[in-house]
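Here is the structure we will look at.
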Amino acid sequence: MSKKALAILTILIAIILDQVIKIYVKTNFILGEEVLVFDWFRIHFVENNGMAMGFEFGGKTGKLFLTLFRIFAVGLIIYWLSNNIKRKVHNAVIIGIALIFSGAVGNIIDSIFYGVIFDHPKHSVATLFPETTDGEFFYGKVVDMFYFPIWEGVLPDWIPFVGGEMYTFFQYIFNPADSYITIGVALLFIFSKQAFPKEDKQEKQAAEA
């Protein structure tokens with residue numbers, strides 16, 4: 001398989017899987033509903049307007065800016081991926097960049113389209129492609145569902161600032177697209193010499209000088 005075909009296949013599978021899972025959760029779960037898979041793994045349906053881990057800023061203006069910034073970033077990632085395909089780098093690097101691209105696109109789809117392709121009931125499941133919706137393009141919410149509360153308990157008193165308080169690890173809820181970005185970054189870190197050969201070469205020349 002060529003590196004270009006590998007990248008395209010990775011992107012297609014990743015984005016389709018991301019959207020299938022999100023659409024299934026949104027059309028089968030009431031907002032806030034949780035299904036226990038294991039004590040340390042749950043499917044918990046939440047939505048957020050902003051960045052990773054639910055951070056938000058700037059209201060509707062901030063939401064629009066974030067979506068436009070993501071679109072711009074995706075353009076840069078495409079350029080980066082194309083250059084690495086031409087350089088014929090290690091397949092792990094191609095997959096890593098393709099996963100980062102897929103994760104960004106997956107959440108962009110939510111932000112751009114989910115406001116209008118779903119209705120937004122508060123106490124029932126959403127309908128895909130309803131006759132009417134009160135949402136807007138570019139103002140959809142990102143769907144999250146993976147929750148791993150691996151440990152819950154009271155922190156020891158000797159820990160500064162948070163000692164004695166209840167704490168959950170890992171408390172953030174995320175989606176497949178977020179996972180792709182994390183895995184992609186991890187692959188680039190592991191194969192950093194193949195991913196960033198120019199930087200490594202420059203450092204070696206500087207050390208020898």
Atom pairs and distances, side-chain donor-acceptor, residues 89-97, under 3.5 Å, sequence neighbours left out:
unit_1 : atom_1 : unit_2 : atom_2 : d
H90    : ND1    : A92    : N      : 2.9
N91    : OD1    : K3     : NZ     : 2.7

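- Residues passing the ring-ring contact (aromatic ring centres under 6.0 Å, His included) test with F118, sequence neighbours excluded: Y114.
- Between F137 and F113, the ring planes are perpendicular. Angles over 60° get that label, and only those under 30° would be called parallel.
- Applying the 6.0 Å contact sphere to OH of Y24 captures no more than 12 heavy atoms from other residues, nucleotides or ligands.
- Remark: I173 CD1 to N175 CG distance equals 11.0 Å, nearest 0.5 Å.
- Applying salt bridge (charged side-chain N to carboxylate O under 4.0 Å, His left out) to D110 and the options K26, K63, K22 leaves one that passes, K22.
- Between the side chains of N107 and D178, at least one donor-acceptor pair of N or O atoms lies under 3.5 Å.
- Within the 4.5 Å cutoff, the side chain of Y180 has heavy atoms near those of the L17 side chain.
- Scanning for salt bridge (Lys or Arg N to Asp or Glu O under 4.0 Å) contacts around E136 gives K60, with sequence neighbours left out.
- In terms of the salt bridge (Lys or Arg N to Asp or Glu O under 4.0 Å) criterion, E33 has no residue partners (sequence neighbours excluded).
- Proximity of a side-chain donor or acceptor of S102 to a complementary backbone N or O of A98 within less than 3.5 Å is detected.
- In this structure the side chain of D119 never reaches within 4.5 angstrom of the side chain of T132, judged on heavy atoms.
- Taking the side chain to side chain donor-acceptor pair (under 3.5 Å) definition, one finds that K141 meets it with nothing, sequence neighbours left out.
- Taking the ring-ring contact (aromatic ring centres under 6.0 Å, His included) definition, one finds that W151 meets it with nothing, sequence neighbours left out.
- Looking at H120 and T133, their side chains come closer than 4.5 Å, going by heavy atoms from C-beta outward.
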